[in-house]
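The block underneath contains the structure these notes are about, expressed in structure tokens.
A, B, ... follow the sequence lines: proteins, then strands. Residue 1 opens every chain. Heavy atoms only: backbone and side chains are in, while hydrogens, waters and symmetry mates are out.
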Amino acid sequence: MLRFYNTLRNKKEPFVPLHPEKALIYTCGPTVYDYNHIGNFRSYIFEDLLRRYLKFKGYQVTQVMNITDVDDKIIKASKAAGKDIGEYTRKYIDAFFADLDALRIERAEFYPRATEHIPQMVLLVKRLQEKGFAYTRENSVYFRLSDFPSYGKLSKIDLQGIKPGARIDLDEYGKEDVRDFVLWKGKKEGEPFWETELGPGRPGWHIECSAMSMHYLGESFDIHTGGVDLIFPHHENEIAQSEAATGRQFVRYWLHCRHLIVEGEKMSKSKGNYYTLRDLLEEGYEPQAIRYLLLSTHYRRQLNFTKEGLTQATHSLKNLGDFLLRLRQSKPVEGYNQALGKAAKEATAGMERALDDDLNISPALASLHQLVKEVNISLERGEVGEKNISEIRGALENFDRITGILPAVEEEPLDETIRKLIAERDAARQNKEYHKADLIREKLSRMGIILEDTRNGVRWKREP
RNA sequence: GGCGGCGUAGCCAAGUGGUAAGGCAGAGGUCUGCAAAACCUUUAUACACCGGUUCGACUCCGGUCGCCGCCUCCA
């Protein structure tokens, strides 16, 4: 039985979707004022695991990830760059999708942009006005918290604890109560705005997620995810404005991903430990290794992202790649290995047992490694039959469908020169002309081809 | 100050009231012309520290130290 840790109640709960067989998910996406950093990708990879696993479990998944393409930071940055916000954000939106692809993150079904859903937001604010939850000051519209008594149920925050302080946005001096939050920001000089029934202005931060999630998923849906930092105030405010408007439960399961730290410290630009995906790729790390590292720690645990960790992940991946190559090039023997058949089944079962428990990834990866080990032993003994191979492949495909970490092992056709050199060396070896054979092997190595002599003849692979 | 999380081998990381999964790295060995790969063996008198509860705690309770997070726009 699939269970998730629900922030709403701070405990693991069985996953029972609104509609059987369907899973409706909203994930807080990027604000496109800059490249995403590895912390963002930890969230996206957690959400990727979530959607992949739900699909594996047979749910028809609809995932929506918003793209915030208008906000204070974007306005500021685009002004500095002398561009309008559409032009400014395009580059980062493109980069965002390119990064997702590099990390093998599956595409969500929808990527709505805030600027393209202004009417939905206006409609939602109007509903709140009609129900008396909203008021207007200085051309901005605010949500009145005192009218929504269940405020704080997600973050368990004590409203009394929120006192006026230095952090209050100076733009929002018109609020009745400092704890109220803005739904619609009145037009200001030099800022982009939309002419709407609420007057000229732009959306507040929280309203886009409520409006777009309900637009694509309905007024009530299954899962909403994001980083832990969003619990308060963002998600709390989403709940308030959504449930106040509809009178229904907004989201059934709230899943939050813990932040990562880098080399033992909080990631920050000033500390020099702030990495975008691009930074790491430029240093020569493989995107797959980054995915592996970000995926391999449970999403609710703090992950210490280090260069050493990346190196370890790279090694793990190389070992898995060697295994896949070995499996591919192995020649099946007659018969069927019962024990191995059992092991293949147990591998998938073990993974499922682990992931059912709030996506507990570590034991899931352990069952992958256990399968690898058992297959290697059988391969060593020459006890792997045809049917075993297809069962093992099936198990591995399951792992890859869910984790997306198995290295690709396409057998690229070798060019004629290399093919000849390999044959030449093989002949030399047969004739015990080892010096000549070694020279050719070195030559191939310089060309990026690694040779391994096995009982079944020579095996080659590309240098990692 | 308020609230919360964590501290397991060189590194990463599961886990449980009855004496510690897995991965990476290391060491020794088998195989190999040599290598590589693989396999075998090995690497935590014990889970931050100090008390307590218990027949028994790494696992429960209390305290200490350390790291981290949230407390209005940061995934």
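Nucleotides B/rU30 and B/rC68, compared at atom P, are 48 Å apart to the nearest Å. Rounded to a whole angstrom, the distance from the P atom of B/rC47 to that of B/rC60 is 15 Å. As rounded to the nearest Å, B/rA14 and B/rA20 have C1' atoms that lie 10 Å from one another. As rounded to the nearest Å, B/rG10 and B/rC3 have P atoms that lie 36 Å from one another. The separation of B/rA13 from B/rG23, taken at their P atoms, amounts to 16 Å, rounded to a whole angstrom. Comparing B/rA57 with B/rC49, their C1' atoms sit 16 Å apart, to the nearest whole Å. Taking atom P in both B/rU19 and B/rC6, one finds a spacing of 24 Å when rounded to whole Å. A gap of 15 Å separates the C1' atoms of B/rU59 and B/rA48, to the nearest Å.
Within 4.0 Å (heavy atoms only), A/Ile231 reaches no atom of the nucleic acid at all. Note on A/His37: a base of the nucleic acid sits closer than 4.0 angstrom, heavy atoms only. Across all strands shown, A/His259 has heavy atoms under 4.0 Å from base atoms, whether or not it also approaches the sugar-phosphate. Heavy atoms of A/Asp229 sit under 4.0 angstrom from at least one base atom. When heavy atoms are screened at a 4.0 angstrom cut-off, A/Lys73 is found touching the sugar-phosphate backbone but no base atom. When heavy atoms are screened at a 4.0 angstrom cut-off, A/Gly226 is found touching the sugar-phosphate backbone but no base atom.
The distance between atom CD of A/Gln302 and atom P of B/rC67, rounded to the nearest whole Å, is 12 Å. Going from atom CG of A/Leu303 over to atom C1' of B/rA75 covers 13 Å, rounded to whole Å. Rounded to whole Å, the distance from CG on A/Asn304 to C1' on B/rU8 is 15 Å. In this structure, A/Asp72 atom CG and B/rU72 atom P are separated by 16 Å, rounded to whole Å. Nucleotide B/rC68 holds its P atom 21 Å from the CZ atom of A/Arg300, rounded to whole Å. Rounding to whole angstrom units, CZ of residue A/Phe323 and P of B/rC24 are separated by 13 Å. As a whole-Å value, the separation of A/Asn319 CG from B/rG23 P is 10 Å. Nucleotide B/rA75 holds its P atom 5 Å from the CG atom of A/Asn40, rounded to whole Å.
Put simply, A/Asn376 has a side-chain N or O that comes within less than 4.0 Å of OP1 or OP2 on B/rC39. The phosphate of B/rG69 has OP1 or OP2 within less than 4.0 Å of a side-chain N or O from A/Lys266. Phosphate contact (OP1/OP2 of B/rA13, side-chain N/O of A/Thr297, threshold under 4.0 Å): present. In terms of phosphate contacts, A/Asn237 brings no side-chain nitrogen or oxygen within less than 4.0 Å of OP1 or OP2 of B/rC73.
A/His206 places none of its side-chain heavy atoms less than 4.5 Å from the side chain of A/Glu236.
The A/Lys185 side chain lies nearest to B/rC73 when the options are B/rC68, B/rG7, B/rC73. Picking from B/rG4, B/rG23, B/rU72 the nucleotide with the shortest atom distance to the side chain of A/Arg179 gives B/rU72. For A/Lys373, taking side-chain heavy atoms from C-beta onward, the closest of the listed nucleotides B/rA13, B/rC73, B/rC40 is B/rC40.
Proximity of a side-chain donor or acceptor of A/Tyr299 to a complementary backbone N or O of A/Leu50 within less than 3.5 Å is not detected. Distance alone, capped at 3.5 Å, is enough to place a donor-acceptor pair between the A/Asn273 side chain and the A/Ser268 backbone. Side-chain atoms of A/Lys156 come within 3.5 Å of backbone atoms of A/Leu154 as a donor-acceptor pair (strictly under, hydrogens ignored).
In this structure B/rA48 sits in a base pair with B/rU64, meeting the Watson-Crick or G-U test at under 3.5 Å. Nucleotide B/rC24: paired with B/rG10 (Watson-Crick or G-U wobble, both distances less than 3.5 Å). Base pairing of B/rU53 is not made with any nucleotide, judged by Watson-Crick or G-U wobble geometry with both donor-acceptor distances under 3.5 Å.
More than 12 heavy atoms of other residues, nucleotides or ligands lie within 6.0 Å of NZ in A/Lys307, so this atom counts as buried by the packing criterion. The environment of CZ in A/Arg9 is crowded: more than 12 heavy-atom neighbours from other residues, nucleotides or ligands sit within 6.0 Å.
The list of side chain to side chain donor-acceptor pair (under 3.5 Å) pairs with a residue in residues 344-353 of chain A, not counting sequence neighbours, reads A/Lys57-A/Glu352, A/Glu346-A/Arg353, A/Thr348-A/Asn398.
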In 5'-to-3' order, the base (B), backbone-only (S) or no-contact (-) status of each nucleotide in nucleotides 30-36 of chain B, using a 4.0 angstrom heavy-atom cut-off, is ---BBBB
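Residue side chain A/Gln370 does not reach the base of B/rG22 through any donor-acceptor N/O pair under 3.5 Å, judged by distance alone.
Remark: ring of A/His315 does not overlap the six-membered base ring of B/rA25 in a stacked fashion, as centroids less than 5.5 Å apart with planes less than 30° apart are not both met.
Each of A/Asp322 and A/Arg42 has a nearest nucleotide on RNA chain B; the 5'-most of these lies closest to A/Asp322.
Note: A/Tyr142 and A/Phe181 fail the aromatic proximity criterion, with ring centroids not under 6.0 Å apart. The aromatic ring centroids of A/Phe305 and A/His37 lie 6.0 Å or more from each other.
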ask   = Stepwise, does the side chain to side chain contact (heavy atoms under 4.5 Å, CB included) test hold for A/Ile93 with A/Arg113?
value = CA-CA 10 Å; A/Ile93 292 172; A/Arg113 298 178 191 189; 3.6 Å; yes
